[in-house]
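Worksheet: the structure to be examined is printed underneath.
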Amino acid sequence: MIAQHTMIRTRFAPSPTGYLHIGGARTALFSWAFARHHAGTFILRIEDTDLERSTPESVDAILQGMSWLNLDYDEGPFYQMQRMPRYKEVLAQLLASGLAYYCYASKEEVETMREQQRAAGLKPRYDGRWRPEPGKTLPAIPDNVQPVVRFKNPVEGSVAWRDLVKGTIEISNAELDDLIIARPDGTPTYNFCVVVDDWDMNITHVIRGDDHVNNTPRQINILKALGATLPLYGHVPMILGADGERLSKRHGAVSVMQYLEEGFLPEALLNYLARLGWGHGNEEVFDMTQFVEWFNLEAISRSPAKFDPEKLLWINQQYLKAADNERLATLVRPFMEQQIGPLASTPPLAEVVQLLKERVGTLVELADAAHLFYRYIEPAAELLEQHLTAETVPALQQLTAQFAQIEWTRESIHDAIKAAVADSGLKMPKIAMPLRVIAAGVTQTPSIDATLALIGQDTVVQRLQQQLAKAVI
RNA sequence: GGAAGGUUCGUCUAGCUGGCCUAGGACACCACCCUUUCACGGUGGGUACACGGGUUCGAAUCCCGUACCUUCUACCA
């Protein structure tokens with residue numbers, strides 16, 4: 001139990017080396033939900049100390065992703081590059097107190113050392129050649145070598161913590177070596193920045209991917225050396241692709257924003273992500289308010305989950321069906337206009353959406369299905385040939401005459417078609433299919449009366465007259 | 001190679017303080033129903049406790065071993 005008087009503070013700390021991906025988004029979601037559940041504070045921190053790979057574009061992409069998903073943060077974004085003076089201050093402190101030391105071994109030297117260890121079947125680790133010990137003589141400091149700074153990790157014992165997701169984890173200090181906390185140019189490395197940040201920002205719960213499990217004992221050791229209060233840790237398993245390997249570009253969409261482009265609703269993605277590796281009884285479809293209420297770290301699965309695009313699609317469909325027509329119209333419009341240009345004002349897009357939203361899985365599909373209401377799809381010759389026959393054309397001609405006269409509502413269209421069916425003695429599909437083909441250009445539409453009603457009386461009658469006149473029987 | 005974690009239907013999972021489990025739900029799949037096409041919806045169906053030992057009257061649930069999976073093993077984060 002967490003003492004309730006302690007204000008809970010969590011953070012999401014991505015490195016800006018690309019878009020916000022699915023795995024990161026889920027970690028962010030869990031961290032966010034935990035903070036919200038406890039009425040705590042959620043912090044966004046950009047870990048941009050890798051100058052080689054960090055880009056401003058990636059920062060924007062991450063911010064955009066968070067915003068689209070509605071994962072709001074209370075503090076930040078903080079940028080590690082802006083906290084350099086603070087890191088250097090702590091670094092100097094560690095150096096001065098003998099808890100860290102300079103290492104003059106070159107990159108190449110360390111690499112050959114590791115090679116030898118590997119060849120000998122040993123675990124590759126820094127051998128401590130520059131680590132000061134009482135009574136030990138250090139090598140002569142070479143000229144022209146800028147040293148790195150290494151943390152003096154404890155040699156004996158082990159580090160253990162009660163992981164909020166995985167239970168107690170214990171790692172022997174023998175597994176850890178003296179990690180580099182500052183590069184030759186003086187810039188601090190990841191594990192050090194994280195420690196200083198989590199400490200300074202009073203993070204109470206570190207919720208992150210379980211690829212960080214092995215960093216945790218190192219960070220705990222540094223935190224202890226600094227005399228800091230330790231946060232609690234919870235490591236959530238990775239998301240795997242269908243083939244069981246870590247989710248990557250090969251598996252299709254991994255960028256959160258790509259789901260926006262593919263016509264997914266943010267709440268659907270969130271719902272899916274929440275269910276991936278976490279469950280609350282048999283609940284499948286729930287909103288974020290509900291999720292926040294239910295969320296707990298203990299229920300997170302300890303094993304990695306595979307990403308299933310099919311189920312995401314299904315959830316998206318559930319949200320589409322339930323979504324407000326006007327909102328959906330606003331969301332789907334750009335998809336349509338990108339394809340067919342500005343939309344006419346009739347039929348009202350919201351009404352078209354109302355008719356179609358239960359039949360599609362994404363906004364892209366919705367847009368595709370809605371196109372026929374705004375531009376004529378010329379029926380293919382084979383379709384006309386197939387559906388305009390000696391037995392159907394007379395009935396259709398009569399129906400067209402009816403259509404020209406009736407009040408243009410779904411009900412009266414329905415009645416007129418029913419009458420045509422009765423008069424001609426034909427089966428309903430014999431009438432309905434040619435109507436679809438002529439009026440919509442396709443064989444798959446919602447119920448024919450509703451479809452015709454939205455296409456409009458003049459348009460429908462005109463198309464019928466035109467095609468029936470051309471029909472060769 | 002070493003370390004850490006994991007292993008319930010094809011997938012996500014419920015269950016894991018042992019008996020209510022001849023293992024539940026959802027996606028996907030198949031069949032049927034509905035039907036004005038395609039969908040939606042409804043009903044039904046098949047498929048899972050990795051393997052081997054133990055503890056116990058009784059194990060998916062506890063213990064041990066084996067196999068397999070994932071992650072980490074950077075002057076990346």
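Lettering follows sequence order; numbering is per chain, from 1.
Counting non-hydrogen atoms under 4.0 angstrom, Asn215(A) reaches a base of the nucleic acid. Within 4.0 Å (heavy atoms only), Pro14(A) reaches no atom of the nucleic acid at all. Among the heavy atoms of the strands lying under 4.0 Å from Val213(A) are primed sugar atoms or P, OP1, OP2 only; no base atom is included. Within 4.0 Å (heavy atoms only), Thr49(A) reaches sugar-phosphate atoms of the nucleic acid but no base atom. Nucleic acid contact class of Glu284(A) (heavy atoms, under 4.0 Å, all strands): base. No contact: Gly209(A) has no heavy atom under 4.0 Å from any strand. Using a 4.0 Å heavy-atom criterion, one finds that His212(A) contacts the bases of the nucleic acid, with or without backbone contacts as well. Using a 4.0 Å heavy-atom criterion, one finds that Lys107(A) contacts the bases of the nucleic acid, with or without backbone contacts as well. Using a 4.0 Å heavy-atom cutoff across all strands shown, Asp449(A) reaches at least one base atom of the nucleic acid. Within the nucleic acid shown, Glu170(A) comes within 4.0 Å of sugar-phosphate atoms alone, with no base atom in reach, counting heavy atoms only. Ala105(A) comes within contact range of at least one nucleobase, with a heavy-atom separation under 4.0 Å.
Residue side chain Asp210(A) does not reach the base of G5(B) through any donor-acceptor N/O pair under 3.5 Å, judged by distance alone. Residue side chain Glu283(A) does not reach the base of G25(B) through any donor-acceptor N/O pair under 3.5 Å, judged by distance alone.
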With ring pair (Phe, Tyr, Trp, His ring centres under 6.0 Å) as the test, would you mind laying out the steps for Phe307(A) and Tyr272(A) before giving the verdict?
CA-CA 9 Å; Phe307(A) 190 84; Tyr272(A) 176 71; 5.2 Å; yes

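Counting to the nearest Å, the P atom of G25(B) and the CZ atom of Phe286(A) are 19 Å from each other.
In this structure, Arg302(A) does not reach the U13(B) phosphate: none of its side-chain N or O atoms is under 4.0 Å from OP1 or OP2.
Ring centroid separation for the pair Trp32(A) and Phe12(A) does not come in under the 6.0 Å cut-off. Aromatic ring centres of Trp408(A) and Phe403(A) lie closer together than 6.0 Å.
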